[in-house]
2 protein chains.
Amino acid sequence: MTPRTSAQGRSTAIEAATTSVEDYAKTIYGLAEWDGASVTASALARTLGVSNPSVSLMMRKMADLGLVEHRPYAPIALTPAGRQLALAMVRRHRLIETWLVRELGYGWEEVHEEAERLEHAVSETFVDRLDVRLGHPRVDPHGDPIPGPDLQLDYPETLLLCRVPAAMKVRLEQVDDAVPDALSALDTHRVPIGAQVTVQATDRGAVVLTPLTPGGQDSPGAPPTQDDQSAAAGSIRLAHEVAHAMRVSVVR
Amino acid sequence: MTPRTSAQGRSTAIEAATTSVEDYAKTIYGLAEWDGASVTASALARTLGVSNPSVSLMMRKMADLGLVEHRPYAPIALTPAGRQLALAMVRRHRLIETWLVRELGYGWEEVHEEAERLEHAVSETFVDRLDVRLGHPRVDPHGDPIPGPDLQLDYPETLLLCRVPAAMKVRLEQVDDAVPDALSALDTHRVPIGAQVTVQATDRGAVVLTPLTPGGQDSPGAPPTQDDQSAAAGSIRLAHEVAHAMRVSVVR
DNA sequence: AGTATGATTTAGGCACACCTAAAACTGCAA
DNA sequence: TTGCAGTTTTAGGTGTGCCTAAATCATACT
Ligand SMILES: [Mn+2]
Ligand SMILES: [Mn+2]
Ligand SMILES: [Mn+2]
Ligand SMILES: [Mn+2]
């Protein structure tokens, strides 16, 4: 896609961002935020579904544009300008997802792919009007916080579920919408965002938990599924990968 | 942009359409429909804002894809497959415009640009859900008919305003949203789509007309503007270019 | 017919964003 | 400390879509 035409002049480099540049910026930001580790070229390549050389080349380009800090063979970090761009994309993405769920009847597992395309096509004006129409939502359907018009973002204090010690009571705050297994696990066991659960046991990243709050509100659908090999009724086992796709806050 | 990922398999070539191919198809269709003339390479180039050689090359590509019929130096026509693609894009475009006006508070002069980008980013699913949400609208904010899910399209019998003979009573059916002067002229003189007017005189494509129906309903805004050099109160002069951007149906 | 004029196509290039294969670097481990 | 395995970068190449400049073609006018 050609460089973005839209909007009114702000940071030059951000104006010239292509679809690819926007996705790289957003992905770097996302990786760094989700689990605080430093971002490597190969992690970026894996997440974006491109080859390592492509990342290398793009990093040079984005360094030239002043969007990333990157000395060869070192980890990758966004510059302040890069973070601005990333936050702008995150805002678009999450507002669009919220709108798709609230007004077009999308399921929370469908919206990510659609938003991934739309985020590059909408104007700044569009985003602002959508924000107003939705009443300035603070989180998206997956619990991810939405940056305000000023791109400010306040995170709740959260941990990766796969790192929570056993016997702790936590509240489900966010799910990674790019991990379908995580979304379907929560759907299956009727654990919505905001539900409280107790971590019964942990096993090298995998966790077993029991719902506390809404848990099994028996909405019309499948009967209390007991598919997993979990013995205790209401006991839920999540694989490491799935537990890595959820963030929780500590209760009490 | 890379080839379209979305949707379920239909006509292979249509699946593989890029943003550019989609725009070419839509534009060829639009030119042919608006004033029934045959589509030339340079008209296409002018409308799309690209050079003639670009059109030449693209026509070879689209001929190979089976989307257009084009022998060198001859006029350009869509194949049935090309028409399918064009109609699908027209449907997207017009539904999106309708939604932007109805639900996001856009003015009818703002929507075209936004839709021009969004139409390439939305999925088939999205379009269908939007259609349902809007209640299957039959025309967009500019009076252009919207193809149904089956891509069927029924046009009202209309003429280009610039070709209407004098002393005829007509109803304004469509405005070309890509001609800002036409939209602002109608805004200024408070002539909405559906209004009836009499063509007082014609002058080599330019027309002078008098509103009949809603005409000057004095909505809160500027006072009955008499900016033009038109003498009679309520008499409106439209330049050829502007009159070419409107289609009307004959009344009675 | 003979030629000028404009429309159209061909030739040659550029920018982006990818890819595979080959080289270069790093850091850990024998 | 030396080697080697994995990571990262360089080299070389593809597909799209666009451009300018230089042919070509079609035809309308003398
Ligand atoms: Mn998402
Ligand atoms: Mn994206
Ligand atoms: Mn339009
Ligand atoms: Mn378009």
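Quick caveat, the model's predicted, so the values are computed rather than measured. Lettering of chains follows the sequences in order, A, B, ..., and the numbering in each one begins at 1.
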(request) Run through B/E22, B/E119, B/E124 and flag the one making a salt bridge (Lys or Arg N to Asp or Glu O under 4.0 Å) with B/R92. (result) B/E124

(message) Looking at B/D128 and B/R133, is any side-chain nitrogen of the basic one under 4.0 Å from a carboxylate oxygen of the acidic one?
(response) no

When you check the phosphate oxygens OP1 and OP2 of [N], does a side-chain N or O of [X] lie under 4.0 Å from one of them?
X: B/S20; N: D/dT16; answer: no
X: A/S56; N: D/dT8; answer: no
X: B/S51; N: D/dC18; answer: no
X: B/H70; N: C/dT8; answer: no
X: A/T18; N: C/dA17; answer: yes

(message) Centre-to-centre under 6.0 Å for A/H112 and A/H142, is that the case here?
(response) no

(message) Distance to the ring centre below 6.0 angstrom and angle to the axis at most 45 degrees; does that hold for B/R129 and A/Y106?
(response) yes

[N] [atom2] sits how many Å from [X] [atom1], rounded?
X: B/M59; N: C/dA7; atom1: CE; atom2: C1'; answer: 16 Å
X: B/L57; N: C/dG13; atom1: CG; atom2: P; answer: 15 Å
X: A/D23; N: C/dC18; atom1: CG; atom2: C1'; answer: 14 Å
X: A/R46; N: D/dG6; atom1: CZ; atom2: C1'; answer: 13 Å
X: A/I76; N: D/dT9; atom1: CD1; atom2: P; answer: 7 Å
X: B/R60; N: C/dT10; atom1: CZ; atom2: C1'; answer: 8 Å
X: A/L48; N: C/dC19; atom1: CG; atom2: P; answer: 10 Å
X: A/L65; N: C/dA17; atom1: CG; atom2: C1'; answer: 14 Å

Tabulate protein N/O versus nucleotide N/O from nucleotides 1-4 of chain D, keeping only pairs under 3.5 Å, one per line.
none

(message) Whether the side chain of B/S184 engages the backbone of B/P180 through a donor-acceptor N/O pair (distance < 3.5 Å, no angle test) should be reported.
(response) yes

(request) Could you tell me whether the side chain of A/R117 and the main chain of B/A121 form a donor-acceptor pair under 3.5 Å? (result) yes

(request) Identify whether any heavy atom of B/S42 sits under 4.0 Å from a base atom; if not, whether one sits that close to sugar-phosphate; answer base, sugar-phosphate or nothing. (result) sugar-phosphate

(message) From the set C/dT9, C/dA17, D/dG17, return the single nucleotide nearest to any side-chain atom of B/M58.
(response) D/dG17

(request) When you get a sec, tell me which of D/dC19, D/dT16, D/dT8 is the closest nucleotide to the side chain of B/S54? (result) D/dC19

(message) Given B/D177, which partner from the list B/H93, B/R94, B/E110, B/E116 fulfils the side chain to side chain contact (heavy atoms under 4.5 Å, CB included) test?
(response) B/H93

(message) Using the rule side chain to side chain contact (heavy atoms under 4.5 Å, CB included), only one of B/D176, B/V175, B/V164 pairs with B/M246; which is it?
(response) B/V175

(request) For each nucleotide in nucleotides 21-28 of chain C, reading 5' to 3', give B when a protein heavy atom comes within less than 4.0 Å of its base, S when such contact involves only the sugar-phosphate, and - otherwise. (result) B--BS---

Between side-chain atoms of residues 151-163 of chain A and protein atoms elsewhere (two or more places apart, or another chain), which donor-acceptor pairs fall under 3.5 Å?
from, atom 1, to, atom 2, distance (Å)
A/T158, OG1, A/R247, NE, 2.8

(message) Is it the case that atom CZ in B/R60 sees more than 12 heavy atoms from other parts of the structure closer than 6.0 Å?
(response) no

